[in-house]
Amino acid sequence: MEPLFVVFLQSGITEKYIIKIMYRTNTCGELNLQNAGQTVTLCGWLQRSRDLGGMTFIDLRDRYGITQLVFNMETRPDLCEKARKLGREYVLQATGKVAERSNKNPKMPTGEIEILVEELNILNPAKTPPFTIEEHSDGGDDLRMKYRYLDLRRTPVMRNLELRHRIAMLTRNYLSDLHFLEIETPCLIKSTPEGARDFVVPSRMNPGQFYALPQSPQQYKQLLMVAGYDRYFQLARCFRDEDLRADRQPEFTQIDCEMSFVEQEDVLQTFEGLLKHILKEVKGLEFGAFPRITWNDAMKYYGSDKPDIRFGMKFIELNDVVKGKGFGVFDNAELVVGICAEGCAEYTRKQLDALTDFVKRPQIGASGLVYIRCNGDGSFKSSVDKFYTPEDLQRIAEHCNAKAGDLILVLCGEKMKVRKQLSELRLEMGSRLGLRKPDEFAPLWVIDFPLLEWDEETQRYYAMHHPFTAPHPEDAPLLDQPERWGDIRANAYDIVLNGNEIGGGSIRIHNRDMQNKMFHTLGFTDEKAQEQFGFLMGAFEYGAPPHAGLAFGFDRLCAILGEADSIRDFIAFPKNNAGRDMMADAPSPISNEQLDELAIRLVPQEEK
RNA sequence: GGUGCGGUAGUUCAGUUUGGUUAGAAUACAUGCCUGUCACGCAUGGGGUCGCGAGUUCGAGCCUCGUCCGCACCGCCA
């Protein structure tokens, strides 16, 4: 990085003026032996001081690094006395000569030099912080959230936010070069009941009426297509009033994109290109064409619509080889399915019990786990030896491609449920075997999602993606056959990285008849469709081009590339588990005056 | 809405299994000594509503119930 001085010069300010106005000539991360002899001024925070009696060392920290300041009792007793009184996190300005150290520290980039301080200004004293501002802080999660502005001083968090900035710039430049325009869409919009819960904002000027915050700029970006902005993107803030997770915040950022006059292949190529570009620039990794898998196959082989393909361990369906041998649990099951864990035949009883407990946890809900050990001597030991002869087990092992030394784990039950359960077990085994390395990246497209999803509770179909998603052309006729609605594929796709859904999109419906048919399928009356989506439907009558789009979860993408599990440290000011900002203590009650102005009356909790 | 784990010094934790004298450690902080440290070292010192409330008991940091808070997960997240 350029020294600060040079950056200022390049900005066109004259040198004479700079010296007068500049707090600092250099940052704390850029000085080395070549600067020896120069007089410099640095500013920063006191990271740590070491008082040796006759001399005092201070580590001065800023965003760019740490530089050591030296104070000597013999040469400047006044400054040395001053320096030894300073506390952690004091804000300092120090001027002095860059000098070669007699004892160099190879562990730090500036370790060959130090500053012989001639002038020291305390720009601001500081209270002792409640936790240490270091690479590995001694602070717990909630304390760090409460004092987030201190946590943000720590280098790991700074590096995360720098990474976020880099990915944002790479994205903007890449898409801009492809003629995409970044266009902002409103945050105060109309509430629509489909999908996630809306955050809602009362309107003072329209008493009793509310805006919603966007769950995504979906309808606006489609209107931009109607308006002829044929390539749009936005790093868009989105809001969803749902429960939080480590990788889910109530407000989050999407790389939101839409294109006109394209087919699915164009969209996939464009955004595969974007992700390849980011992976290359950030990680130095080059990829060929990303693998693609249909949703049906993803469910069949991984039990998940976002498979982690950093490792194999694909599902093997076993109905044909296990049924009819008198083991009622298998015989009565809709699906018997297993995975083969290579080299795990040595698993002890205790380890197998732990796995059984894992799948029986209420969150997963399997009723039991069957194992088959393929011993080194070619024999088998299983939890169902009573029902299966060695020859039966041999046949199952062959079906699973299991070798001597492998362990076959089998679950059974209702098809979709057991797939989901085995998916959890597969990921658990992957973790236990160290196959889910955070510095390995395995992107994947999942295509041909179902268009509709049956909801037991409300007894109706919902759009799996959203109501503007086009059906797969081959399946469109099935919209006229309600009994086949569950089989209709959509022209929808997700992009998956290391078992995380990092993006998704679809071809949109641009034809009025098709859209009407879709609303009908979803149980919307004409009036309701008109009320909810009227402005979009109206726009579509004035010449909507064929269009399609995709949105990346930007925070999640940053966290994965930052090799972290939680997105919180890639957001400057995140919310906690309960959606609270622990630093600002939001949300909070508002005054009666504010409520009156908004024409809102609160109902006491006990009346509910 | 549900499940699990946790809450003890400024901070991170031990102590809870088996209730029993003055609740410990490390680190941070303060004071003093120390001229080449870089996790400096040495000495001394201060620092506690054991989350909160109720109960059991002669006696509760420890057991029971309730409650609040944090984290992870299930449901939810078109």
Side-chain angles (χ1 to χ4, degrees), chain A residues 47-60 66-75 77 80 84-85 87-89 99-108 110-112 114 127-147 150 192-198 215-216 218-219 238-250 252 357-358 360-365 420-421 424 449-453 455 457 461-469 490 492 501 504-506 518 522 532-533 551 553 556 565-566 568 576-578 580 582:
Chain A
Q47 174 80 18
R48 176 175 267 130
S49 70
R50 293 174 292 278
D51 178 4
L52 273 64
M55 59 197 311
T56 292
F57 298 97
I58 285 179
D59 290 338
L60 192 68
I66 288 178
T67 297
Q68 177 167 282
L69 311 177
V70 203
F71 302 85
N72 197 308
M73 216 46 159
E74 274 175 13
T75 51
C80 204
R84 69 203 306 180
K85 286 199 201 85
R88 278 160 58 204
E89 299 304 315
E100 184 173 0
R101 291 200 200 180
S102 54
N103 273 0
K104 296 190 173 55
N105 183 352
K107 280 185 282 186
M108 51 197 294
T110 62
E112 292 192 308
E114 61 197 355
K127 289 209 287 191
T128 303
F131 52 87
T132 58
I133 315 290
E134 285 171 342
E135 183 92 13
H136 299 287
S137 173
D138 65 1
D141 286 341
D142 43 341
L143 198 68
R144 287 171 39 217
M145 282 304 163
K146 188 171 173 195
Y147 297 92
L150 296 181
T192 55
E194 290 274 303
R197 290 187 191 89
D198 280 325
Q215 299 174 25
S216 88
Q218 184 59 39
Q219 292 176 52
C238 304
F239 306 85
R240 290 177 193 176
D241 187 9
E242 297 293 345
D243 285 8
L244 285 73
R245 289 285 188 281
D247 64 349
R248 242 163 54 189
Q249 285 273 305
F252 61 101
D357 289 344
F358 174 81
K360 284 170 100 170
R361 280 163 46 214
Q363 275 87 343
I364 296 184
K420 206 174 163 195
Q421 292 162 355
E424 297 292 338
F449 270 74
L451 183 70
L452 302 166
E453 204 174 17
D455 181 60
E457 212 172 292
Y461 279 101
Y462 280 85
M464 196 158 186
H465 191 56
H466 57 60
F468 315 111
T469 299
E501 180 202 327
S506 63
M518 192 65 194
L522 295 172
Q532 294 296 334
F533 306 110
R556 218 176 269 183
D565 293 325
S566 171
R568 288 194 194 152
N576 80 354
N577 240 3
R580 299 198 67 85
M582 301 196 32

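Since this is a predicted model, take the numbers as computed values, not measurements. Chain identifiers are assigned alphabetically (A, B, ...) following the order of the sequence lines, protein sequences preceding nucleic acid strands; residue numbering begins at 1 within each chain.
- Across B:U37, B:C77, B:A28, the shortest atom-to-atom separation from the side chain of A:F57 is found for B:U37.
- For A:R48, the salt bridge (Lys or Arg N to Asp or Glu O under 4.0 Å) criterion is met by A:E134, not counting sequence neighbours.
- Here, B:U56 and B:U44 have their P atoms 47 Å apart, quoted to the whole Å.
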For nucleotides 72-75 of chain B, give me every protein contact, N/O to N/O, under 3.5 Å, one pair per line with atom names.
| residue | atom | partner | partner atom | Å |
| --- | --- | --- | --- | --- |
| B:A72 | OP2 | A:R568 | NH2 | 3.2 |
| B:A72 | OP2 | A:N577 | OD1 | 2.9 |
| B:C73 | OP2 | A:A246 | N | 3.2 |
| B:C73 | O2 | A:Q363 | NE2 | 3.1 |
| B:C74 | OP2 | A:R245 | NE | 3.0 |
| B:G75 | OP1 | A:K420 | NZ | 2.5 |
| B:G75 | N7 | A:R245 | NH2 | 2.9 |
| B:G75 | O6 | A:D243 | OD2 | 3.4 |
| B:G75 | O6 | A:R245 | NH1 | 3.1 |
| B:G75 | O6 | A:R245 | NH2 | 3.3 |
| B:G75 | N1 | A:D243 | OD2 | 2.8 |

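- The side chain of A:L52 lies closest to B:G36 when the candidates are B:C71, B:G36, B:C77.
- Evaluation of the salt bridge (Lys or Arg N to Asp or Glu O under 4.0 Å) rule for A:R556 yields A:D247 as partners, not counting sequence neighbours.
- If you take atom P in B:U3 and the same atom in B:G45, they sit 50 Å apart, rounded to whole Å.
- When both pairing distances are held under 3.5 Å, B:A72 makes a Watson-Crick or G-U pair with B:U3.
- Between B:U37, B:C77, B:U11, one nucleotide has an atom nearer to the side chain of A:D138 than all others, and that is B:U11.
- In this structure, A:F131 has no ring pair (Phe, Tyr, Trp, His ring centres under 6.0 Å) partners at least two apart in sequence or on a different chain.
- Residue A:R101 places a side-chain atom within donor-acceptor reach of the base of B:C38, judged by atom type and a 3.5 Å distance cut-off alone.
- With sequence neighbours left out, A:F252 forms a ring pair (Phe, Tyr, Trp, His ring centres under 6.0 Å) with no residue at all.
- Crowding of A:D565 atom CG: a count of heavy atoms from other residues, nucleotides or ligands under 6.0 Å not exceeding 12.
- Distance from the side chain of A:N105 is smallest to B:C38 among B:A39, B:C38, B:U35.
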Between the protein and nucleotides 6-8 of chain B, are there any N/O to N/O pairs under 3.5 Å, and if so, what are the atom names and distances?
none

